[in-house]
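Below is one structure; the comments refer to it alone.
Chain letters run A, B, ... following the sequence lines, proteins first, then strands; residues in each count from 1. Atoms considered below: every heavy atom in the structure, side chains included; atoms not considered: hydrogens, waters and symmetry mates. Worth saying up front: this structure is predicted, and the values here are computed from it rather than measured.
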Amino acid sequence: MKPSIPRGTRDFGPAEMQKRQYILNIIRKNFELFAYQPIETPAMENIGTLTGKYGDEGDQLIFKILNSRIHESKNKDVLKKEFDLSLESSRNSEELTEKALRYDLTVPFARFVVMNQHNLTFPFKRYQIQPVWRADRPQKGRYREFYQCDADVIGSNSLINELDLIALMDKSFGELNIPVVLKINNRKILAGIAETIGAPDKMIDIAVAIDKVDKIGQQGVENELKEKGFTKDQIRVLYGAILVHGGSVIYGDSLRDKNNNINSLSALVNGTEFGKNETFRKGIDELAYLFNNIEVSDSKKFRVQFDATLARGLNYYTGTIFEVKTNAGTFTPSILGGGRYDDLTGIFGLPNMSGVGISFGIDRIYDVMEELNLFPENISKTASTQLLFAHFDEVTQSHCIKLAGELRKNNISCEIYPDVTKKLGKQFDYANKKNIPFVCTVGSNEMQSGVYALKNMEKGEQQQLNLTDLIEFLKK
RNA sequence: GUAGGUAUAGCUCAGUUGGUUAGAGCAUCGGUUUGUGGUACCGAGGGUCGUGGGUUCGAGUCCCAUUACUUACCCCA
């Protein structure tokens, strides 16, 4: 049988893992620095926990798990009926699939919070680093299994939490050395717009259409809106707010334009029909607060923009929404997403629990860093084995076991060439290929004298050292 | 769901208008070299050309189907 793995999934070899861990370590360190606490949840959830939270498109991308032992069911007639219905339309049948793989970390977190509400101190700040699964069609930067690194705080309405998360993003992307743009919007603004033009349930349609203005132009957006059933009048009013200001959907650009951001916000309130809508004004107020209070360490590396077209497909967002993209290179997918959800726990029976969080997508961060060549050069050498013991027979090999033990006591990473061979060349070649910088050759002479030959593989130099000196030398 | 592209050795790929026994580089193993690697030279193993059918005297090459992979749209990390 030819070995293979499901499409959209990947294996990671040692070289890739070293880079992935480099990214993970920076993010995890910052999560802890900002006082978020770790949790983990199961890979699978009961399917009812997940459905209905991600929007129609999202729900269809949930990986469902076929119930086991359906052949033992006593209700096969029901199963057959359910199966036939499932062939006709997209639906959930708990007779067939009562479990599913998690689609993100936020919804399982909300479920966790409700189940553990009496053991948690609120506001609760948690971080979670685990894989998620989506039944998407894989392509560049899009995987069916990938890691999310989430930081959320739940049980607090304060916009201080948003500022905290912005500082966390700034620091993390700064340390990863990725130049990024943080786009911010507020679902209340989108909701206010939808209410004003008399289509309160079509907020997502509006945002999705407007978001494409860069790609398909104003006319294209208009056509798409018409297709979605908007009238000419509605579209005209919409354009009044969204496109009139400089012809762009982006109002401010970076913190250096802080005033520009704020001015354009107030112009929206005072100069358009939308200003009369309370939800809209609330959204603008919240955004203005954030722009007035954002502090970032380096506004050249970390730019912040208000983007009125930023929508995000997930249903549960209600306030601030975040998205981060890199602005360098050709591969520029979103590498972080997040936002505020006012009532995600309500459906599980715990209302009035506002939360806000972000999710780093390390698989795409990896792809971006690879393209921009942002990994440190020495990354492959930093964590690898320091020394290989080469030998000639069973006697000298077993002597190496003792020596390796001594080195490991001193935290020196080393290994013994596992096969017995007289061919030193083979053993040196092995060290070479594994990037092991030192080889210690142990023959019968060395065993008797206690003085070993230590070779520096890079320089080709060799020196004679006893065990104590050997350890001292390698410790440096 | 829609539209493209690709499939030949472990890997990356050549393979001409259809024509003898399908090639190269890298990798692997052996040798030159039985206590010193990277280089060099010599040699070896490794292929039902994704699968099934068709056209033809003859198919890796042309046609049809099918599967897998891949890219873009949609949506998303």
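When heavy atoms are screened at a 4.0 angstrom cut-off, A:G443 is found touching base atoms of the nucleic acid. Among the protein residues, A:N432 comes within range of the nucleic acid bases, having at least one heavy atom under 4.0 Å from a base atom. Note on A:G141: a base of the nucleic acid sits closer than 4.0 angstrom, heavy atoms only. Counting non-hydrogen atoms under 4.0 angstrom, A:E224 reaches nothing in the nucleic acid. Across all strands, A:I365 comes closer than 4.0 Å to no nucleic acid atom at all (heavy-atom distances). A:R7 comes within contact range of the sugar-phosphate backbone alone, with a heavy-atom separation under 4.0 Å but no base atom that close.
Within the 4.5 Å cutoff, the side chain of A:L182 has no heavy atoms near those of the A:D170 side chain. Contact check for A:N92 versus A:K64: side-chain heavy atoms found under the 4.5 Å cut-off.
Across all strands shown, B:G45 has no partner, as no Watson-Crick or G-U wobble contact with both distances under 3.5 Å is found. Taking a pair to require two hydrogen-bonding distances under 3.5 Å in either a Watson-Crick or a G-U wobble arrangement, B:A27 remains unpaired. Nucleotide B:U66 is matched to B:G50 when pairs are restricted to Watson-Crick or G-U wobble geometry with both distances under 3.5 angstrom. Nucleotide B:U20 forms a pair with no other nucleotide shown, judged by Watson-Crick or G-U wobble geometry with both contacts under 3.5 Å. When Watson-Crick and G-U wobble pairs are counted only if both distances are under 3.5 Å, B:A3 pairs with B:U71.
Note that CD of A:Q130 is 6.5 Å distant from CG of A:L105, once rounded to the nearest 0.5 Å.
Among B:U71, B:A77, B:G35, the nucleotide with an atom closest to any side-chain atom of A:F392 is B:G35. Residue A:E57 places its side chain closer to B:C75 than to any other of B:U28, B:G35, B:C75. Of the candidates B:A77, B:C74, B:G30, the closest approach to any side-chain atom of A:Q139 belongs to B:C74. Looking at the side chain of A:L424, the nearest of the listed nucleotides B:U70, B:G35, B:G37 is B:G35. If you check B:G30, B:C75, B:G37 against the side chain of A:D136, the one that comes closest is B:C75. The side chain of A:Y143 sits closest to B:A77 out of B:U36, B:A77, B:A72. Across B:U71, B:G37, B:A77, the shortest atom-to-atom separation from the side chain of A:S334 is found for B:A77.
You won't find any donor-acceptor pair under 3.5 Å spanning the side chain of A:K433 and the base of B:G37, going by distance alone. Applying the 3.5 Å distance criterion, the base of B:U2 shares a donor-acceptor pair with the side chain of A:R137. Evaluation of atom-type donor-acceptor distances gives no pair under 3.5 Å for the side chain of A:Q427 against the base of B:G35. Judged by distance alone, with hydrogens and angles left aside, A:K455 brings a side-chain donor or acceptor within reach of the base of B:U36, the pair sitting under 3.5 Å.
As rounded to the nearest Å, B:A24 and B:G47 have C1' atoms that lie 14 Å from one another. B:C11 sits 15 Å from B:U70 when the P atoms are compared, rounded to a whole Å. With C1' as the reference atom, B:U34 and B:G23 are 37 Å apart, rounded to whole Å. Distance check on atom C1': B:G15 versus B:C64 gives 24 Å, rounded to whole Å. A distance of about 42 Å separates the P atoms of B:U28 and B:G4, rounded to the whole Å. Here the separation of B:U2 from B:A77, taken at their C1' atoms, is 24 Å to the nearest Å. Remark: the separation of the P atoms in B:G18 and B:C76 is 49 Å, to the nearest Å. B:U66 sits 14 Å from B:G1 when the P atoms are compared, rounded to a whole Å.
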For side chain to side chain donor-acceptor pair (under 3.5 Å), just list the numbers for A:N185 and A:Y317, CA-CA rounded to whole Å, side-chain angles, deciding distance to a tenth of an Å, and then say yes or no.
CA-CA 11 Å; A:N185 194 8; A:Y317 291 125; over 6 Å; no
With salt bridge (Lys or Arg N to Asp or Glu O under 4.0 Å) as the criterion, how do A:R10 and A:D363 come out once you've worked through the C-alpha distance, each side chain's angles and the decisive distance to 0.1 Å?
CA-CA 11 Å; A:R10 295 147 307 152; A:D363 301 81; 2.6 Å; yes
Audit row: A:K53, A:Y341, side-chain contact (heavy atoms from CB on, under 4.5 Å) steps and yes/no
CA-CA 11 Å; A:K53 318 286 192 300; A:Y341 39 92; over 6 Å; no
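Ring centroids of A:F360 and A:F173 are separated by less than 6.0 Å, placing the two rings close together.
Between A:F124 and A:F112, the ring-plane angle classifies as parallel under the 30° and 60° cut-offs.
A side-chain N or O of A:D104 and one of A:Y316 form a donor-acceptor pair less than 3.5 Å apart.
Atoms CZ (A:F173) and P (B:A77) sit 13 Å apart, rounded to a whole Å. Nucleotide B:C76 holds its C1' atom 13 Å from the CG atom of A:D363, rounded to whole Å. One can place CD1 of A:I178 at 17 Å from P of B:A77, the figure rounded to the nearest angstrom. Straight-line distance from the CG atom of A:D429 to the C1' atom of B:G30: 14 Å, rounded to whole Å. Between A:R10 atom CZ and B:C69 atom P the separation is 15 Å, expressed in whole Å. One interatomic measurement links the two molecules: CD of A:Q464 to C1' of B:G35, which rounds to 12 Å at whole-angstrom precision. The nearest whole Å value for the distance from the NZ atom in A:K426 to the P atom in B:U28 is 11 Å. Rounded to a whole Å, the CD atom of A:E446 is 12 Å from the P atom of B:U36.
Along RNA chain B, the nucleotide closest to A:V442 and the one closest to A:F146 are compared, and the more 5′ of them pairs with A:V442. Take the nearest nucleotide of RNA chain B for A:L61 and for A:G460: the residue whose nucleotide is more 5' is A:G460.
A sub-4.0 Å separation between OP1 or OP2 of B:C76 and a side-chain N or O of A:R134 is absent. The phosphate of B:G38 has neither OP1 nor OP2 within less than 4.0 Å of any side-chain N or O from A:K459.
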